[in-house]
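Scroll down for the structure; my scribbles are underneath it.
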Amino acid sequence: ETGVTQTPRHLVMGMTNKKSLKCEQHLGHNAMYWYKQSAKKPLELMFVYNFKEQTENNSVPSRFSPECPNSSHLFLHLHTLQPEDSALYLCASSRTGQQFFGPGTRLTVL
Amino acid sequence: GEDVEQSLFLSVREGDSSVINCTYTDSSSTYLYWYKQEPGAGLQLLTYIFSNMDMKQDQRLTVLLNKKDKHLSLRIADTQTGDSAIYFCAESKRNTGNQFYFGTGTSLTVIP
């Protein structure tokens, strides 16, 4: 238990659906992250938020839309996804020097 | 840009020591980390080392850092079947807006 929670843990959606992933931490961390982990690929950083401000967007398609309403919560809004977007989506938070991960949401796009 | 590399696979027998290696390119790294990921789970921080240290030991884990060669290793003593997982090396720098850079992960298989 790292103190970073993610919901849902598993999600199956069609290509026309809209869904959201949620991440929450009450560790007092100021930075939050979304990563995508696909089979046989390196961990891909998607978005970084520092003090609720987005500081990194690694050329992520617009069908992924992050939201950080406060320093404890991070969302990833999904719409019109493709089957190749199926992956494990990991949230993390950090203070200087240490990054802690949530358990991930296993997303399957049909 | 930053580049962190690891070998993809390692197999060891139960009770032996495992050594997982990592190389990185950016000499200004401030912290270096080892994470463990079990099937279906997120990444668990195992240990980390400041770049001004050469070695850190924590129970069965020993981290060695060779800053000159930009080489980091994780030694697991008396490897157990429960150590089977993917191990990720990562680095970060203090002044990069909290950016972390991960290796591709080494899949450790422990043979009973």
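Proteins get letters first, then strands, A, B, ... in listed order; numbering begins at 1 in each.
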Checklist line | hydrophobic_cluster_shared for A:Phe75 and A:Leu107, side chain cutoff 4.5 Å | finding: no
Checklist line | disulfide bond (SG atoms under 2.5 Å apart) contacts in which one or both residues fall within residues 15-56 of chain B, not counting sequence neighbours | finding: B:Cys22-B:Cys89
Notebook entry, point to check: Do B:Leu65 and B:Val19 share a hydrophobic cluster (ILVMFWY, side-chain heavy atoms under 4.5 Å, transitive)?
Noted result: no
Checklist line | Hydrophobic cluster identity match, B:Leu64 and B:Phe50, side-chain contacts under 4.5 Å | finding: no
Next item on the list: Report yes or no: do B:Leu32 and B:Met53 belong to one cluster of Ile/Leu/Val/Met/Phe/Trp/Tyr joined by side chain heavy-atom distances under 4.5 Å?
Entry: yes
Note to self: Quick test of your reading: applying disulfide bond (SG atoms under 2.5 Å apart), list the pairs with at least one residue in residues 38-70 of chain A, sequence neighbours left out, ordered by first then second residue.
What the structure shows: none
Notebook entry, point to check: For A:Met15, does the CE atom have more than 12 heavy-atom neighbours from other residues, nucleotides or ligands under 6.0 Å away?
Noted result: no
Next item on the list: Let me know which of B:Tyr33, B:Phe100, B:Phe102 forms a ring-ring contact (aromatic ring centres under 6.0 Å, His included) with A:Phe101.
Entry: B:Phe102
Check: Is B:Val12 reachable from B:Ile76 through a run of I, L, V, M, F, W or Y residues, each pair having side-chain heavy atoms under 4.5 Å apart?
Finding: yes
Item checked: Partner chain B: residue of A:Lys41, A:Gln37, A:Arg106 with the largest heavy-atom pair count (under 4.5 Å) -> A:Gln37
Checklist line | Proximal to chain B - members of residues 77-93 of chain A, heavy-atom separation under 4.5 Å | finding: A:Leu88, A:Leu90
Next item on the list: Decide if atom NZ of A:Lys19 counts as having more than 12 heavy atoms of other residues, nucleotides or ligands within a radius under 6.0 Å.
Entry: no
Notebook entry, point to check: Within residues 37-49 of chain B, which positions have a heavy-atom distance to chain A below 4.5 Å?
Noted result: B:Gln37, B:Gly40, B:Ala41, B:Gly42, B:Leu43, B:Leu45, B:Tyr48
Check: What part of A:Gln98 lies closer than 4.5 angstrom to a heavy atom of chain B: side chain, backbone, both or neither?
Finding: both
